[in-house]
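In each ligand, atom 1 is the first atom listed, and ligand 1 is the first ligand listed.
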Amino acid sequence: MDFTGKKALVTGSGGGIGKSIALLLADMGADIVVNDVSIDNAQQTAKEVISKGRKAIVSNANVVNDTQVREMFESIASEFGRIDILVNNAGITKDSLLMDMEEEQWDQVMDVNLKGVFLCCRYAAKMMSEQQYGKIINISSASGQIGNIGQVNYAASKGGVISITKTLAKELARYQINVNAVAPGFIKTPMTQTVPEKVEKYLIGQIPLRRAGEPEEIANAIAFLASDMSEYITGQVLSVNGGMYV
Ligand code: NAP
């Protein structure tokens, strides 16, 4: 796979899975828009992208903020002139059992995980449709496919990401834009660092491959879907979960 000359935006790429995606795409030749609410983390990822000989734009747009997302795409247009790959990776959890969950926990998760994807897709689609080329990959989750106790907000948002993916695959196909989702299972990142040991043991017991996944293993799937090797694949959900959900 060769991404030389391609321009990729990875939201939430200051750490975790997003950082692995940004660095893998850069390894394969892409210039990267590093987006994260944590500017220091975004700058660190950008430094590593540049050290690989690629260009990087840093944006600390909050993906829930329409104005900030618009400005991010304006700087992409002026500095890169195009966007070939959008990876909607930024996501959060605010877990609680249903009866303890506050409205705010619901709203925050829906905002980042769903509205953020909507806004970034909307601006990217405008540029990609003019180019008649684009690859959009949304990060869903096994929770969105099979549900998970304590994650009614998160599971609903990630199920929604799958619906966005299927709808946009149909809507944007006429512009030669492929839209797919990757649904990770249990992956070792800052997001899962706070999972209690007992729960982690239980979760790994549910995984036929008997281990958590690495961020790089999600990045590998993204690279395939971002490449022209997956030209005839659109509207699909690629589960990368060690067999947790089959
Ligand atoms: P992570 O380590 O928490 O990384 C997420 C990144 O997104 C963080 O750098 C975070 O910044 C950034 N971010 C959060 N809200 C943002 C916003 N509004 N705008 C821009 N950036 C924002 O999580 P991860 O595990 O790498 O998860 C990446 C994606 O994979 C998420 O969509 C997640 O739901 C999904 N996923 C993860 C797992 C897993 O097991 N780890 C499983 C299934 C799906 P701050 O940290 O500074 O807030």
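No chain of hydrophobic side-chain contacts below 4.5 Å, direct or via other Ile, Leu, Val, Met, Phe, Trp or Tyr residues, connects Ile137 to Val112. Linking Ile, Leu, Val, Met, Phe, Trp and Tyr whenever their side-chain heavy atoms come within less than 4.5 Å puts Leu209 and Phe186 in one cluster. Note on Ile164 and Val109: separate hydrophobic clusters, where clusters join Ile, Leu, Val, Met, Phe, Trp and Tyr whose side-chain heavy atoms are under 4.5 Å apart, directly or indirectly. Val182 and Ile85 end up in the same hydrophobic cluster when Ile, Leu, Val, Met, Phe, Trp and Tyr side chains are linked at under 4.5 Å.
Numbered from 1 in the order shown, with element, the atoms of ligand 1 that lie under 4.0 Å from a heavy atom of Ile92 read 14 (C), 15 (N). Remark: ligand 1 atoms within the under-4.0 Å shell around heavy atoms of Thr192 are 39 (C), 40 (O), 41 (N). Of all atoms in ligand 1, listed by their number and element, those nearer than 4.0 Å to a heavy atom of Ser38 are 45 (P), 47 (O). Those atoms of ligand 1 that come under 4.0 Å of a heavy atom in Lys158, given as number and element, are 31 (C), 32 (O), 33 (C), 34 (O). Atoms of ligand 1 found under 4.0 Å from any heavy atom of Tyr154 (numbered from 1 in listed order, with element): 33 (C), 34 (O), 35 (C), 36 (N), 43 (C), 44 (C). Heavy-atom contacts of Gly16 reach the following atoms of ligand 1: 2 (O), 26 (O) (cutoff under 4.0 Å). Which parts of ligand 1 touch Asn35 is read off a 4.0 Å heavy-atom cut-off, strictly below it: atoms 20 (C). The contact set between ligand 1 and Ile139, taken as ligand atoms under 4.0 Å from a residue heavy atom, comprises 29 (C), 30 (O), 35 (C).
At least one heavy atom of Ser140 lies less than 4.0 angstrom from ligand 1. Under the 4.0 angstrom criterion for non-hydrogen atoms, Thr11 is not in contact with ligand 1. Ligand 1 lies nowhere less than 4.0 angstrom from a heavy atom belonging to Pro215. At a 4.0 Å cut-off, at least one heavy atom of Gly185 sits close enough to ligand 1 to count as contact.
Scanning the protein for heavy atoms near atom 4 (O) of ligand 1, the closest one is Gly15 O, 4.3 Å. Regarding atom 24 (P) of ligand 1, its nearest protein heavy-atom neighbour is Thr189 OG1, 3.6 Å. Protein heavy atom closest to atom 8 (C) of ligand 1, with residue, atom name and distance, is Asp36 OD2, 3.6 Å. Here the protein heavy atom with the shortest distance to atom 5 (C) of ligand 1 is Gly91 O, 4.0 Å. Atom 3 (O) of ligand 1 has Met191 CB, 3.7 Å as its closest protein atom, hydrogens excluded (heavy atom only). Protein heavy atom nearest atom 18 (N) of ligand 1, with residue, atom name and distance: Asn62 OD1, 2.8 Å. Nearest protein heavy-atom contact of atom 6 (C) of ligand 1 is Gly12 O, 3.4 Å.
Residue Pro190 holds the heavy atom nearest to atom 2 (O) of ligand 1 of all those in Gly213, Pro190, Ser59, Gly144. The residue among Ile187, Asn241, Val195, Ile17 with a heavy atom at the shortest distance from atom 37 (C) of ligand 1 is Ile17. Among Val37, Val161, Leu203, the residue whose heavy atom lies nearest to atom 13 (N) of ligand 1 is Val37.
Remark: side-chain polar atoms of Gln131 are paired, donor with acceptor, to backbone N or O of Ile83 under 3.5 angstrom. At least one donor-acceptor pair under 3.5 Å links the side chain of Asn241 to the backbone N or O of Tyr245. Of the possible polar contacts, none joining the Ser38 side chain to the Asp40 backbone as a donor-acceptor pair under 3.5 Å is found.
The pair Arg54-Asp31 does not count as a salt bridge, with every side-chain nitrogen at least 4.0 angstrom from each carboxylate oxygen.
Put simply, CD1 on Ile17 and NZ on Lys188 are 13.0 Å apart, with the number rounded to the nearest 0.5 Å. Taking CG of Leu225 as the start and CD of Glu231 as the end, the distance is 12.0 Å to the nearest 0.5 Å.
Using a 3.5 Å distance cut-off with no hydrogens or angles, the side chains of Asn138 and Thr165 do pair a donor with an acceptor. There is a side-chain donor-acceptor pair under 3.5 Å between Gln145 and Ser239. Judged purely by distance below 3.5 Å, without hydrogens or angles, the side chains of Gln151 and Asp95 pair a donor atom with an acceptor atom. Side chains of Asp66 and Tyr123: a donor on one and an acceptor on the other come within 3.5 Å.
Both tests do not hold together for Lys6 against Phe80: distance to the six-membered ring centre under 6.0 Å, angle to the ring axis within 45°.
For atom 46 (O) of ligand 1, the protein comes within 4.0 Å by no heavy atom at all.
The shortest N or O to N or O distance between Ser141 and ligand 1 is not below 3.5 Å. Annotation: Asn89 places an N or O atom under 3.5 Å from an N or O atom of ligand 1; distance criterion only. Residue-to-ligand polar distances place Val63 within reach of ligand 1: an N/O pair is separated by less than 3.5 Å.
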